[in-house]
Every structure is written in structure tokens, then in C-alpha cells.
Amino acid sequence: MIPFVTETCREREVDHGTELDAERFDRGGLATDLSALVEHVVALLSTPVGRHALPGLAADLQADPEVRHSFRTRFVAAEVELVAGMLARARSRAELRPDCAISAHGVHAHLLGMAWAEVFLVGGEPDA
């Protein structure tokens, strides 16, 4: 495990956790709620610290089950919970049918996985 990556992620955990306030991402509609979350994550990934630390973290996630478990319970679970709230609000506003079988985990993986790929594989920058 790369100590710098681990320490950097611990530092970012504080920011990440406090920035995932559900009200901050409630923009009044599912599309705008999800867009706000993606913009937030891309902004975090695009910082110099994020660009430096996260590729090493990706390697650690593959190599170390404890790091993977910790990352999933600290970061991914908070984001999935946030997406679940967005989906619940969308159902309450009739944007989604009550019987629509859409999972918060699936939405999270598709949207934020693509954001990660854009920043790290394609080298994109967030829109100004």
C-alpha cells in the first residue's frame, strides 16, 4: 500500500463526508440532482491531490481487500446512500414510477464510474 495515497484519502475523507449533505444535491429534479453529484465528484478527482493520489489508490483497491472494504464502507456507501435519497425524491415527485426497479448502486456505478474514466483514462477536465 502506498502511504501517501492512504494518508491523502484519509484527509479527503473528512472533506468528502461533510460535502455529501443531501440538501446540497437537491436541485429539484433527478437529472439535476445527479448532475450536481457528478460535478462534485469530478471536481474532487480533478484537483492536483486527487489526480496524484487516486491512481495509486486504484492499485491498492485491487491489491488489498482491507483497503477495498474500507473505501467501499467510507466513500462508496455514502455516495450510494445519497443516490438512494435522490431516487426516493424522484419517486415522490413522480419522475420515476413506484415499480421502477432501479438500484442506487447501479446508478452510482454507471455515473461515477464514467466520471472517473473521463478524468483518469481520457484526461478530461470538468467544464468551466
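Contact annotation: the side chain of D33 never approaches that of L82 to less than 4.5 Å [non-hydrogen atoms, C-beta and beyond]. Side-chain contact between H108 and V41 is absent, with no heavy atoms from C-beta onward closer than 4.5 Å.
Listed for the S35 side chain is a donor-acceptor partner under 3.5 Å among the backbone atoms of A31.
Considering every non-hydrogen atom in both R91 and C100, the closest pair reads NH2-O, 2.7 Å. Among all heavy-atom pairs drawn from A63 and P65, the shortest one is O-CD, 3.7 Å. Smallest separation of non-hydrogen atoms from A78 and R74: CB-O, 3.9 Å. Nearest heavy atoms, A77 versus T73: CB-O, 3.6 Å. Of all heavy-atom pairs spanning R89 and F25, the tightest one is NH2-O, 3.9 Å. The two atoms that bring V38 and A115 nearest to each other are CG1-CB, 4.2 Å, heavy atoms only.
In this structure, CD on E79 lies 11.0 Å from CG on L111, to the nearest 0.5 angstrom. Taken from OG1 in T32 to CE in M86, the straight-line distance is 9.0 Å, to the nearest 0.5 Å. Note that the OG atom of S70 and the CG atom of D60 stand 11.5 Å from one another [nearest 0.5 Å]. Rounding to the nearest 0.5 Å places NE2 of H110 at 9.5 Å from CD1 of I102. Atoms CZ and CG, on F75 and L44 in that order, are 9.5 Å from each other to the nearest 0.5 Å. One finds the CG atom of L96 at 10.0 Å from the CG atom of D99 (value rounded to the nearest 0.5 Å).
Linking Ile, Leu, Val, Met, Phe, Trp and Tyr residues whenever their side-chain heavy atoms come within less than 4.5 Å leaves M114 and L37 in two separate clusters.
Other residues, nucleotides and ligands contribute over 12 non-hydrogen atoms within 6.0 Å of the CZ atom of R68.
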